Amino acid sequence: MAYIQFPEDFKWGVATAAYQIEGAVRQGGRGPSIWDTFSHTPGKVLNGDNGDVACDSYHRYEEDIALMKELGVNVYRFSVSWPRIFPEGTGKVNKEGLAFYHRMVDKLLENGIEPMCTLYHWDLPQVLQDKGGWDNRETVEAFVAYSELIFKEFSGKIKSWLTINEPWCVSFLSNFIGAHAPGNQDLALAVNISHHLLLAHGKAVARFRDLDIPGKIGFAPNVTWLEPYSRDQEDVEACRRGMGWMVDWFLDPIFTGTYPAFMVDWFAANQAPLQIKDGDMEWIKQPVDFIGINYYESNVGRHNPQGGMLEVESVDMGYKKTDIGWFINAEGFYNVLTFIADKYGEIPIYITENGICINDGVEDGTVNDQRRIDYLKGHIAAVARSLKSGVNIKGYITWSLLDNFEWAEGYSKRFGIVHVNYRTLERTKKESFFWYQKVIGNSWLEV
Ligand SMILES: CCOCCOc1ccc(-c2cn(C[C@@H]3NC[C@@H](O)[C@H]3O)nn2)cc1
């Protein structure tokens with residue numbers, strides 16, 4: 001049996017997000033978010049599912065932390081629910097909300113688990129959405145004020161911070177494709193929102209520096225790899241566009257202070273001109289300490305004039321698929337990690353999400369999710385291969401600890417290494433839990 005040994009200081013973790021696991025949406029002083037509105041709007045979420053109860057982690061966080069302790073993780077990536085802190089987005093602070101996160105963070109620290117906090121994981125206070133949401137620059141200032149409060153409140157306890165999770169999902173998936181909250185379908189709106197998200201990120205990083213908060217800060221773009229179907233220029237350019245709006249669009253402004261010109265032009269030609277105000281790019285290009293990379297799938301792409309706004313289509317090459325229909329391709333993980341390192345340099349990277357939807361159920365007290373073990377093994381091996389190629393990867397955090405509310409797919413799609421019975425809320429450790437526990441314990445991968 002061969003082994004791949006990871007660096008001594010390599011971190012291993014699990015990730016969740018507030019709206020997907022907490023529940024207790026009308027308890028503890030929490031205000032409504034756009035996902036409360038969206039999930040309660042008929043037809044938006046599969047089976048009419050919502051996050052009202054979810055995994056009930058608002059009440060069961062100690063049980064979840066005991067699972068993490070048993071797993072042996074160094075890091076727990078969670079998100080703070082903005083409407084649990086500012087029920088109206090700004091103004092009055094909900095002390096019960098702060099107290100909940102103090103209890104949870106203190107319990108993590110007691111168990112030797114480092115908290116990694118995502119400030120925005122999609123649950124925008126509905127009151128702010130009613131005033132235009134991320135399309136309104138006032139929301140940028142509201143995010144900075146919310147971030148400042150959390151920075152000050154948890155300074156010294158939390159030392160790893162992420163500003164925005166998956167800005168592509170928040171802007172394009174949620175305001176152009178329309179599959180996520182608030183469900184708009186307007187490219188110009190989505191482009192404007194993507195700029196405001198980067199502005200909010202940059203201003204929050206600047207405030208973090210001004211406040212001299214101890215620790216490191218970054219953000220977590222979701223990325224993909226699109227392999228051209230042929231070497232034809234049209235196919236190559238189509239794939240660059242498909243990656244450009246998800247990767248370069250969000251990383252170039254932070255690392256170079258400019259948007260990728262080929263995407264600016266493409267959006268302008270689609271009646272979605274980028275509107276930048278003086279000084280915006282200076283805010284956006286605040287240096288970050290690390291980036292979180294969220295990767296699930298990659299595709300083979302080719303040009304198709306009828307292939308949507310970007311004129312690109314995915315080609316089914318017969319790769320195995322997950323139970324949510326995404327292609328399994330660990331090679332694409334290596335390709336996008338080395339692409340990012342080649343383009344943006346030595347910036348430290350944490351894999352802040354990587355996992356697979358496998359809907360296996362409990363049989364005889366366990367879940368034999370061998371397909372998840374195979375996926376994780378292949379993708380952690382791709383991380384090791386990237387490390388060997390010089391990519392500065394500092395840790396791997398799998399999505400997710402628990403089966404949870406998978407947005408528009410509701411509870412039908414399971415990403416956890418721990419199964420959740422949504423009727424009883426009973427947690428059941430899957431075979432992948434025990435497999436990952438061994439990887440973490442040795443910090444090596446058997447191949
Ligand atoms: C072209 C039409 O497409 C319609 C759906 O398109 C997508 C794309 C991407 C996703 C998606 C979901 N996740 C997992 C989450 N990451 C954050 C965490 O909360 C996980 O739950 N990542 N990406 C969903 C839907």
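The model shown is predicted, which means the values in this text are computed figures rather than measured ones. Start at 1 and go down the list; that is how both ligands and their atoms are numbered.
Counting all heavy atoms, side chain and backbone alike, Val264 lies closest to Leu274 at CG2-CD2, 4.1 Å.
Note on Asp323 versus Arg371: salt bridge recorded, some NZ/NE/NH1/NH2 to OD/OE distance being below 4.0 Å. Using a cutoff of 4.0 Å between basic side-chain nitrogens and carboxylate oxygens, Asp52 and Arg26 are scored as salt-bridged. Classification of Glu22 and Arg30 as a salt-bridged pair fails, no side-chain N sitting under 4.0 Å from a carboxylate O. In summary, Asp360 and Arg372 do not engage in a salt bridge, as defined by a charged side-chain N under 4.0 Å from a carboxylate O. Looking at Glu148 and Lys203, no side-chain N of the basic residue comes within less than 4.0 Å of a carboxylate O on the acidic one, giving no salt bridge.
Closest protein heavy atom to atom 1 (C) of ligand 1: Ile177 CD1, 4.2 Å. With hydrogens left out, the protein atom closest to atom 19 (O) of ligand 1 is Gln20 OE1, 2.6 Å, a heavy atom. Looking from atom 14 (C) of ligand 1 to the surrounding protein, the closest heavy atom is Glu406 OE2, 3.6 Å. Of all protein heavy atoms, the one closest to atom 16 (N) of ligand 1 is Glu353 OE1, 2.8 Å. Here the heavy atom of the protein found nearest to atom 23 (N) of ligand 1 is Glu166 OE1, 3.9 Å. The protein non-hydrogen atom at the shortest distance from atom 6 (O) of ligand 1 is Leu173 CD1, 3.4 Å.
Distances from atom 11 (C) of ligand 1 to the heavy atoms of Trp407, Trp326, Tyr295, Tyr296 put Trp326 nearest. The option with the heavy atom closest to atom 8 (C) of ligand 1, from among Trp168, Trp122, Phe405, Phe176, is Trp168.
Residue Asn165 touches ligand 1 through its side chain alone, judged by heavy-atom distances below 4.0 Å. Only side-chain heavy atoms of Trp399 come within less than 4.0 Å of ligand 1; its backbone N, CA, C and O stay farther off.
Note: Trp249 and Tyr259 meet the aromatic proximity criterion, with ring centroids under 6.0 Å apart.
A distance-only check finds a donor-acceptor pair linking the side chain of Ser79 to the backbone of Ala18 [under 3.5 Å].
The shortest heavy-atom distance from Glu409 to ligand 1 is not under 4.0 Å.
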